[in-house]
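Step one of this worksheet: look at the structure below.
Atom set for the values below is all heavy atoms of this structure, side chains included, hydrogens, waters and symmetry mates excluded.
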Amino acid sequence: MGKELWYKDGLCFECLQCGSCCSGFSGTVRVSDVEISALAHRLGLPEADFRKHYTRVVGGGVISLIEKPNKDCIFFERERGCTVYEDRPRQCRTWPFWRSNVYSPHAWKRGAKRCPGMNSGHLHPADLIKEMSEDDGSLGAG
Ligand code: SF4
Ligand code: SF4
């Protein structure tokens with residue numbers, strides 16, 4: 001029998017659109033080939049052009065979105081938020097239920113210091129959180 005999940009009763013989260021996870025710091029926003037294809041299509045660009053102008057290789061074959069000079073995600077606009085929301089990468093979709101946030105109550109508390117939506121809003125069931133954390137699209141770092 002497996003260990004009981006510390007979040008077995010679920011966790012609350014609702015994005016408050018503060019933008020802090022998309023702006024002002026350098027980081028990896030991992031994009032898969034399928035996600036690149038969708039984003040390129042959305043922007044009306046050939047995939048090769050999209051890769052050249054919107055992504056960078058961060059090592060180990062991992063491709064990340066690039067940032068603006070001010071360290072905001074290339075697709076973040078201060079007035080509008082994420083401008084590719086419907087096609088945002090899985091890494092963005094699964095936040096804050098990343099392995100790095102849900103492996104312990106302490107990790108969750110630490111994550112909530114940078115994301116005011118954690119512990120707000122709707123209760124998300126444990127099975128959904130577990131599923132997202134096991135395939136969170138991130139590099140496992142927080
Ligand atoms: S930090 Fe949290 S509340 Fe703010 S935009 Fe990101 S997910 Fe939403
Ligand atoms: S793709 Fe959208 S949700 Fe993801 S980091 Fe960039 S602005 Fe934020």
Side-chain angles (χ1 to χ4, degrees), residues 1-45 47 49-142:
M1 197 142 58
K3 209 174 115 188
E4 189 174 73
L5 294 169
W6 70 268
Y7 55 81
K8 65 180 171 51
D9 295 328
L11 290 168
C12 288
F13 169 68
E14 183 172 357
C15 179
L16 303 178
Q17 311 289 333
C18 73
S20 99
C21 60
C22 307
S23 62
F25 64 95
S26 191
T28 298
V29 181
R30 192 173 186 158
V31 270
S32 68
D33 289 344
V34 171
E35 290 164 348
I36 286 172
S37 180
L39 286 164
H41 183 260
R42 182 186 184 102
L43 270 57
L45 291 173
E47 275 186 40
D49 286 359
F50 180 86
R51 285 175 190 268
K52 183 174 173 188
H53 296 295
Y54 292 94
T55 71
R56 63 192 164 99
V57 179
V58 293
V62 171
I63 312 286
S64 173
L65 295 179
I66 59 168
E67 292 139 12
K68 297 177 181 178
N70 66 359
K71 305 294 183 197
D72 291 358
C73 173
I74 192 69
F75 292 124
F76 181 74
E77 287 184 11
R78 301 258 164 167
E79 296 74 26
R80 295 172 56 202
C82 178
T83 58
V84 295
Y85 191 79
E86 298 79 7
D87 293 308
R88 68 199 188 285
R90 182 164 179 81
Q91 178 176 328
C92 309
R93 291 175 186 276
T94 57
W95 176 267
F97 303 121
W98 292 1
R99 275 162 288 181
S100 55
N101 280 336
V102 302
Y103 76 86
S104 72
H106 176 73
W108 181 257
K109 198 171 167 187
R110 190 185 55 202
K113 286 186 182 157
R114 82 183 238 224
C115 172
M118 292 164 71
N119 300 320
S120 300
H122 311 296
L123 183 69
H124 296 258
D127 55 347
L128 184 71
I129 294 168
K130 186 165 183 288
E131 186 187 316
M132 283 202 264
S133 69
E134 286 172 350
D135 181 17
D136 59 16
S138 78
L139 297 172

Quick check: closest heavy atoms across [X] and [Y], and the distance to 0.1 Å?
X: Ser23; Y: Asp72; answer: CB-OD1, 3.1 Å
X: Lys8; Y: Ala126; answer: O-CB, 3.6 Å
X: Leu45; Y: Phe50; answer: CD1-CA, 4.3 Å
X: Cys92; Y: Val29; answer: SG-CG1, 3.8 Å
X: Ala107; Y: Ser100; answer: CB-O, 3.4 Å
X: Lys68; Y: Ile74; answer: CE-O, 3.6 Å

Sub-3.5 Å donor-acceptor pair from the side chain of [X] to the main-chain atoms of [Y], do we have one?
X: Ser133; Y: Trp98; result: no
X: His124; Y: Phe13; result: yes
X: Ser20; Y: Arg114; result: yes
X: Arg93; Y: Glu86; result: yes
X: Ser64; Y: Arg56; result: no

Working to the nearest 0.5 Å, report the span between [atom1] of [X] and [atom2] of [Y].
X: Ile36; Y: Asp87; atom1: CD1; atom2: CG; answer: 13.0 Å
X: Cys73; Y: Phe25; atom1: SG; atom2: CZ; answer: 9.5 Å
X: Arg90; Y: Arg30; atom1: CZ; atom2: CZ; answer: 12.0 Å
X: Leu43; Y: Tyr54; atom1: CG; atom2: OH; answer: 5.0 Å
X: Glu131; Y: Phe97; atom1: CD; atom2: CZ; answer: 12.0 Å
X: Arg99; Y: Asp136; atom1: CZ; atom2: CG; answer: 4.0 Å

(message) Salt bridge check, Asp33 against Arg51: does any charged N sit closer than 4.0 Å to a carboxylate O?
(response)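 A salt bridge links Arg51 with Asp33.
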
(request) Could you tell me whether Glu35 and Arg42 make a salt bridge, using a distance below 4.0 angstrom between a side-chain N and a carboxylate O? (result)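 Here Glu35 does not pair with Arg42 in a salt bridge, since their nearest N and O are not under 4.0 Å apart.
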
(message) I want to check something: taking the side chain as every heavy atom from C-beta on, are Asn101 and Met118 in contact at a cut-off of under 4.5 Å?
(response)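 Touching, per the 4.5 Å side-chain cut-off.
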
(message) Looking only at the side chains, is there a donor atom on one of Trp108 and Asn119 sitting less than 3.5 Å from an acceptor on the other?
(response)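 Present: a donor and an acceptor within the cut-off.
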
(message) Just checking Lys109: does its NZ atom have more than 12 heavy atoms from other residues, nucleotides or ligands closer to it than 6.0 angstrom?
(response)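 No, because the 6.0 Å sphere around NZ of Lys109 holds 12 heavy atoms or fewer from other groups.
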
(request) Start with the C-alpha gap between Trp95 and Cys15, add the side-chain angles, then the distance that decides, and say whether side chain to side chain contact (heavy atoms under 4.5 Å, CB included) holds. (result) CA-CA 10 Å; Trp95 176 267; Cys15 179; over 6 Å; no

(message) A cation-pi test, strictly: NZ or CZ of Arg88 under 6.0 Å from the centre of the six-membered ring of Tyr85 and no more than 45 degrees from its axis. Yes or no?
(response)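 Cation-pi check for Arg88 and Tyr85: passes.
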
